[in-house]
K.L.:
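I have a structure here, written as structure tokens, and I will follow up with some questions on it.
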Amino acid sequence: MMQSPKVTLFGAAGEVTGSCTLVESEFSRVLVDFGMFQGAPEQELRNADPPPIDFAKLDAVVLTHAHVDHCGRLGMLSRLGFNGPIIVSDATSEILPRVLRSSATLQFVRVEEHGAGTAPSFEVLEPAHLMQSSRARDVPPVVLFGHRDADRVAKMVRAIPWSAWHELPGGMRVRLHHACHVVGAASVELELEHGGARRRVLCSGDIGPFDNPLLAAHQWPERAPDLVVMECTNGHRSLREKDAVRTFDAVVHDAVANGRRLLFPVFALGRAQQLQQHFARLSRDGALDGFQVYLDSGMAVHGATVLERHPRLLAPGPQRMMLRGESPL
Ligand SMILES: [Zn+2]
């Protein structure tokens, strides 16, 4: 008999991407996140090598949020023998099928580009130990799953209400707490029977920045869990949203005044909606003066639409705007 619930990290341990955490008790096993390894080609090749988990024996997969380093390998699940529910928040259920499909498309595009010799050229500048990896562009990219797999897996997605316990097939219970990170993001709390006692494990998922002007404040469980699995990508930095906003405003004012063009490479979920909110604010303040703003990402537009459908996920100010029939975005 196991002495305590067992937690195994198959990715995002000592690195940033590839989140995949197995939580096991005597009677049940649940996987939290199944994300892609991203970065240099040799990192990405690791995606084709699934962790040593008996996927057919998992009771459920629970997803914290729809960033690819957390959800990017879900499309492989049916091929790996998993046939249970994929538990997500309501907002994530509206985003995930689209992320899976576009991920499948992107994988095929990369194979085609590689075959045609049109793949983008790049050089790794940091970290130093990956600088050799530029050579690895000769390695053909792998296709992990196709559109049919993505659609099959999308049918396994089950949205559950926020903050309420939900019973899983093997006897564990799961509860989602709003995580102030991107639309639909959750911290996952699992309660499991072990050695005659109930134990609680909290997987934080990605969290922060906390003074986010767009999203509601983070929710925490009312009682401390027995074990916390905490992401700490930015744990060594103090991220000050106010300083970032001041810099952003100054850059935009300069561009408007001097006829410059700005290009912002951003994550489609998260930063894109935050920038939209700041541009909308500057527009309402009359500071854009005819300056045109283009958002070149269907996924980013979709993320904004989903956020507007779930005003309870918004910070108080944007939520009040929605109630007045205006969009903060
Ligand atoms: Zn994330």
Side-chain angles (χ1 to χ4, degrees), residues 9-21 31-39 43-44 46-47 61-75 86-100 102-103 106 157 159 162 174 176-189 202-220 228-241 244 264-277 297-307 310 313-315:
L9 306 172
F10 289 102
E15 60 190 331
V16 176
T17 60
S19 284
C20 179
T21 304
L31 192 68
V32 179
D33 289 346
F34 194 24
M36 268 190 199
F37 293 103
Q38 294 178 291
Q43 273 282 84
E44 296 187 0
R46 292 167 67 195
N47 290 318
V61 173
V62 186
L63 178 65
T64 59
H65 65 294
H67 273 159
V68 171
D69 59 330
H70 289 257
C71 72
R73 283 189 288 169
L74 291 177
I86 300 172
I87 305 293
V88 301
S89 72
D90 48 9
T92 296
S93 75
E94 295 171 29
I95 293 169
L96 185 60
R98 193 166 172 152
V99 172
L100 292 172
S102 61
S103 175
L106 195 60
V157 171
W162 292 98
V174 61
L176 301 180
H177 302 281
H178 167 73
C180 182
H181 176 56
V182 297
V183 52
S187 291
V188 169
E189 189 178 19
L202 182 78
C203 297
S204 72
D206 284 357
I207 51 176
F210 287 108
D211 50 356
N212 190 317
L214 184 60
L215 297 178
H218 203 99
Q219 286 176 335
W220 300 103
V228 175
V229 180
M230 172 69 80
E231 79 95 4
C232 56
T233 304
N234 292 308
H236 63 305
R237 282 196 291 166
S238 172
L239 300 172
R240 297 214 168 276
E241 187 72 19
F264 293 93
V266 290
F267 284 114
L269 292 180
R271 266 302 173 215
Q273 289 80 48
Q274 284 178 310
L275 283 193
Q276 256 183 287
Q277 183 192 21
S297 161
M299 184 64 76
V301 173
H302 183 62
T305 312
V306 172
L307 197 52
H310 296 273
L313 303 180
L314 292 167

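Model, not experiment: these values are computed from the prediction. Keep in mind that the numbers below use all heavy atoms, side chains included, and drop hydrogens, waters and symmetry copies. As the structure lists them, so they are numbered: ligands from 1, and atoms in each ligand from 1.
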K.L.:
Without swapping roles, check the side chain of Thr64 against the backbone of Ser187 for a donor-acceptor pair under 3.5 Å.
P.N.:
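Side chain of Thr64 to backbone of Ser187: no pair is present.
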K.L.:
Strictly under 6.0 Å, is that where the ring centroids of His181 and His67 end up?
P.N.:
yes
K.L.:
So which of Gln219, Glu189, His218 actually passes side-chain hydrogen bond (donor to acceptor under 3.5 Å, both in side chains) with His177?
P.N.:
Glu189
K.L.:
Work out how many protein N, O or S atoms lie closer to the Zn ion (ligand 1) than 2.8 Å.
P.N.:
4
K.L.:
If I take atom CG from residue Asp33 and atom CD from residue Glu231, how far apart are they, to the nearest 0.5 angstrom?
P.N.:
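Going from CG on Asp33 over to CD on Glu231, the span is 11.0 Å.
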K.L.:
Measure from the side-chain N and O atoms of Glu44 to the backbone N and O of Gly39, and report whether any donor-acceptor pair falls under 3.5 Å.
P.N.:
yes
K.L.:
Under the side-chain contact (heavy atoms from CB on, under 4.5 Å) rule, collect the residues that match up with Ala268, sequence neighbours excluded.
P.N.:
Ser297, Met299, Ala300
